[in-house]
Structures are given as C-alpha cells and as structure tokens.
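Convention: sequence-line order gives letters A, B, ...; per-chain numbering from 1. Scope of the values below: all heavy atoms of this structure, side chains included, with no hydrogens, waters or symmetry mates.
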Number of protein chains: 2
Amino acid sequence: MPKDTFFNLEEEKKEKVMRAAINEFLLHGYENGNIGTVAKNAGVAKGSMYQYFESKKELFLFCVKWSTELMIRKYGKHLTRSERHINVFEYMYENSKEMWTQLKEERELVIFLQNVFLGKYSSVKDESMEFMIRMIDQQVLKMIREGKENGYIRKDIDDSILAIFMTGVSMRFKEYLMNKARSAGEDIVDEDFSQFEKEVKGISELLRNGMGEK
Amino acid sequence: MPKDTFFNLEEEKKEKVMRAAINEFLLHGYENGNIGTVAKNAGVAKGSMYQYFESKKELFLFCVKWSTELMIRKYGKHLTRSERHINVFEYMYENSKEMWTQLKEERELVIFLQNVFLGKYSSVKDESMEFMIRMIDQQVLKMIREGKENGYIRKDIDDSILAIFMTGVSMRFKEYLMNKARSAGEDIVDEDFSQFEKEVKGISELLRNGMGEK
DNA sequence: GAGTCATATGACTTGTGAGTCATATTACTT
DNA sequence: AAGTAATATGACTCACAAGTCATATGACTC
C-alpha cells in the first residue's frame with residue numbers, strides 16, 4: 001500500500017502519477033521500467049516517488065490494483081449485469097464489444113491489465129493477481145453451470161473442460177482484437193465495432209456448434 | 001550467433017552450457033537471469049561465457065534457437081507426419097499426447113519454449129521468434145484448408161476465424177496440461193497420459209460439435 | 001624444449017538505476 | 001510574523017551484474 005502522503009495528494013496528481021507509471025511499465029516491462037522516467041513524466045521529482053511508495057515493487061503492485069479498481073468503477077455496471085443470466089454464447093459478443101469500448105477510452109489500462117493477466121511481469125506476481133485470475137475462472141464456471149441448468153449447454157462434458165474451452169477461445173479472440181488495436185496505433189480504435197460483427201458472430205457460432213461439417 | 005570458440009567445444013560441454021542457461025532464464029527470466037550463475041552451473045568461468053557469446057542477449061537468443069532445433073531433431077518425425085493429412089480433430093489428441101512425452105523427457109526445454117511462444121521475455125523479442133509463431137499459424141491454416149476440402153470442416157466460416165478458434169482452444173489446453181505438470185513437480189510427469197484421455201476426448205468433441213445442447 | 005596458437009580464468013571496471021537524505025519549499029496554526 | 005509540521009527536491013550513495021582484460025594453462029608444431 002502506498003504511503004499516506006500519496007493518498008493526501010489531490011486526485012488529479014495521483015492519477016497523473018499512476019498513469020505515468022502504468023505507461024512506463026507497459027512500454028518497458030517491470031525490470032526496465034524506470035522510476036526516474038515515471039517521475040519526470042508525472043511532473044514530479046524522483047525523491048517524491050519515494051515519499052509516495054515504499055519501493056518500485058509497491059508502485060507496480062499498486063498499478064495493478066489502481067487499474068483494476070478504475071476499470072470496475074468505470075465499467076462495473078456491465079460486469080454485474082452480465083453476471084446475472086446472460087447466455088454464454090452472447091457473452092463473447094458482449095464481452096468483445098465492451099472491450100472495444102474500453103480500448104477506445106482506456107487503451108493503456110486495458111493492455112496493461114491484459115499483460116498482467118497473461119503472466120508477463122511474472123517476476124512481480126503476488127497473491128492479488130492470482131486472485132484476479134481465479135475470479136474470472138469462477139465467473140465462467142458459474143455461467144457454464146447456469147447454462148447447463150437452463151438447458152442450452154450440453155451436459156455430457158465436465159464443467160472444467162467446458163471452461164478451458166470457453167476461456168481459451170475467448171482469450172484468444174480478445175488478444176486478436178487487441179493486437180489489431182495495438183499494431184494499428186491510436187487511429188484504428190476510432191473505428192466502429194461493427195466491422196468485427198461478422199467475426200464475433202463466427203466465433204459464437206463455433207462455440208455453439210463447433211467446426212464439424214453437418 | 002555464438003563465436004567459433006563455442007562451436008569448437010565438445011558436444012557435451014556445449015550442451016551443459018546451453019542447459020544451464022535455459023534453466024537460469026526459465027527460473028529468473030531474462031533480466032534477472034545471471035550469467036555468473038549460468039557459468040557456475042555449467043562448470044565454467046564467467047569469462048569463458050564471453051569467449052562463447054558476444055553478450056547476454058546473444059546467449060538468450062541462441063537458447064531459443066538451440067532448444068527449437070533440439071526439439072525438431074528429437075521429435076521432428078512426428079511433426080512432419082502430422083503435417084501430411086491429419087484430421088484437425090485428431091490433431092488435439094496427437095498434439096497433447098506428444099507434448100506429454102516431451103514434457104517427460106525435456107521438461108525445461110518445453111516450458112522454456114512455451115514461455116517464449118507466449119511472449120514472456122518480450123524485451124528480447126527478435127525476428128526469429130516472430131517467425132516461429134507465424135510458422136505454427138501457417139500450419140493450422142493449412143490443416144483447416146485441407147479439412148474444408150475433405151469435407152469435415154464447415155465452409156461457412158472464414159479460415160482466419162477458424163484458426164483463432166482452434167489455436168485458442170489448443171493453446172489453452174496445452175497450458176492446462178503444462179500447469180498440471182509444472183505445479184506437481186517432477187513426479188506427476190511419470191504418470192501415464194491415459195489419465196487425460198477423457199479430457200482430451202472432451203476437448204476434441206467440443207471442437208467438432210460445440211457446446212450447444214442438441 | 002622453445003615458440004606459437006587457442007582457450008580458460010576470475011579479479012577488475014563500469015554503467016545503471018533503485019533507494020536515501022539533507023535541505024528547500026509550501027501550507028497551516030496561533 | 002514566527003513557528004511547526006508536511007511535502008518536494010535532486011544530488012548523492014551503493015549494490016549489482018554485464019562485460020573486460022591481463023595472465024595462466026594447455027595443446028600442438030618444429
């Protein structure tokens with residue numbers, strides 16, 4: 001946890017520091033991320049960084065916490081809505097569309113959190129990250145159980161296998177979207193999500209009915 | 001490329017050096033991987049490492065090359081066999097089973113290469129890695145095209161989407177197997193692959209027919 | 001056994017960047 | 001306005017590990 005000094009800062013400054021840090025870690029990774037650069041980009045002296053945080057590691061871990069909380073604060077309504085009774089096959093669509101919006105508005109944060117999730121920065125892993133990953137697993141499992149109960153998911157295959165199947169596809173597709181956004185720079189994100197409509201539909205269809213010829 | 005001095009070494013010593021390096025990078029990542037430790041574990045002086053390699057980066061990149069080539073040399077027959085006319089749905093089974101054997105015999109190398117593939121070590125990415133990744137993509141696309149021609153893959157969905165779907169599932173499952181092996185240490189790898197028979201069958205079935213209730 | 005390569009060695013140099021600290025600045029209180 | 005507490009600053013320390021190099025060892029030739 002950061003020191004009191006950090007929490008006493010005005011909101012705007014806190015945000016500037018955090019975004020500078022996240023951007024630095026995003027660009028150079030944890031080991032090569034430079035606190036001096038973070039300070040400079042946040043318009044703050046290097047020494048101040050150590051009035052705010054105990055160490056580089058603490059700063060990094062708080063980046064994860066801060067991003068996660070910001071994303072939940074900003075997009076949380078959707079998350080809780082989808083937790084209710086959404087069809088697994090619509091999940092992919094909803095999820096991808098949501099991510100596209102987030103990518104437009106919070107590019108760095110989304111990519112940073114994806115990296116965390118994918119296990120880059122593995123040298124700073126801590127329990128909270130494991131927790132975050134388990135949370136998502138849990139949510140998928142819940143959806144699968146509900147799907148079975150409501151009769152739109154086949155019951156002859158184990159939940160855990162269905163979960164691996166689903167998360168595999170959904171993560172890979174998410175990555176695909178992200179790479180499109182990442183490699184094309186800022187501009188492509190301005191485009192409409194509708195261009196992916198067909199692709200998402202294809203993936204959902206495959207999830208539902210598989211690749212086998214009828 | 002390593003220096004001549006390295007290539008003049010007797011095979012056994014070369015291997016000892018490479019395995020020590022791979023193990024070090026596996027344990028501590030690229031940035032925190034220590035050349036001194038590599039040297040010590042290989043039974044060689046630190047200075048010698050610099051008679052063999054220009055820099056740490058060169059050593060790392062050669063680890064990737066060396067592992068890949070060793071794996072191809074050792075298991076390549078299977079790879080070329082599966083390139084011929086294997087059914088996509090059997091691919092998963094063959095592939096997982098193969099990986100289980102490899103995991104038994106070449107634990108460190110398999111996990112190291114998987115990490116490379118998953119984009120950890122992103123600070124040392126070079127063209128050869130991108131190449132390796134594109135190769136695998138290509139292979140999957142080829143299988144899909146053949147599957148469509150031979151009438152066992154549906155034709156109403158784009159190849160690229162089918163590829164994302166397939167690689168997503170197969171990579172996620174591979175990771176699942178790997179984690180089982182990784183977390184349980186050396187011992188679990190001794191067990192027979194047959195324990196996963198049911199799970200692999202489940203995944204293949206899902207690939208073919210999807211999760212939707214009939 | 002003298003002379004000439006090729007290789008091995010580990011103490012040393014050096015760049016780097018995390019973390020410190022004495023001092024300056026600002027903010028708040030009476 | 002004086003006094004005190006909180007925060008800001010950037011030059012400095014210092015540990016670490018990549019990379020160097022002078023010297024030692026060995027291998028091979030005549």
Between [atom2] of [N] and [atom1] of [X], the distance in whole Å:
X       : N      : atom1 : atom2 : value
A:Asn32 : C:dG17 : CG    : P     : 8 Å
A:Glu58 : C:dG19 : CD    : P     : 10 Å
A:Glu31 : D:dA17 : CD    : C1'   : 13 Å
B:Gln51 : C:dC5  : CD    : P     : 17 Å
A:Phe53 : C:dT20 : CZ    : C1'   : 18 Å
A:Leu9  : C:dT26 : CG    : C1'   : 14 Å
A:Tyr50 : D:dC12 : OH    : C1'   : 14 Å
B:Glu10 : C:dA8  : CD    : C1'   : 14 Å

Charged N to carboxylate O under 4.0 angstrom, [X] versus [Y]?
X        : Y        : answer
A:Asp158 : B:Lys198 : yes
A:Glu108 : A:Arg19  : no
A:Glu11  : A:Lys14  : yes
A:Lys65  : A:Glu69  : yes

Looking at the side chain of [X], which of [options] is the nearest nucleotide?
X       : options                : answer
A:Lys56 : C:dG19, D:dG19, D:dA17 : C:dG19
B:Lys46 : C:dA8, D:dT9, D:dA18   : D:dA18
A:Ser48 : D:dG19, D:dT9, C:dG10  : D:dT9
B:Asn34 : C:dA8, C:dT9, D:dA18   : D:dA18
A:Ile35 : D:dT7, D:dA8, C:dA18   : C:dA18
B:Ala45 : C:dT9, C:dA8, C:dA18   : C:dT9

I'd like to know if the side chain of A:Glu31 pairs up with that of A:Ser123 as donor and acceptor (distance under 3.5 Å, no hydrogens or angles considered). yes
Do the rings of A:Tyr121 and A:Phe112 sit parallel, tilted or perpendicular, given the 30° and 60° boundaries? tilted
Over 60° means perpendicular and under 30° means parallel, so classify the ring planes of A:Phe53 and A:Phe62, tilted if in between. tilted
Toss me the dot-bracket line for DNA chain D: Watson-Crick and G-U wobble, both under 3.5 Å, 5' to 3', using | for pairs to another strand and [ ] for crossers. ||||||||||||||||||||||||||||||
Check every strand shown and say whether [X] touches a base, only sugar-phosphate, or nothing at a heavy-atom separation below 4.0 Å.
X       : answer
A:Lys13 : sugar-phosphate
B:Gly43 : nothing
B:Tyr52 : sugar-phosphate

Exercise: identify the closest heavy-atom pair between A:Phe7 and A:Pro2: CE1-O, 3.5 Å
With a 4.0 Å cutoff (strictly under), does any side-chain N or O of A:Asn8 reach OP1 or OP2 of D:dA6? no
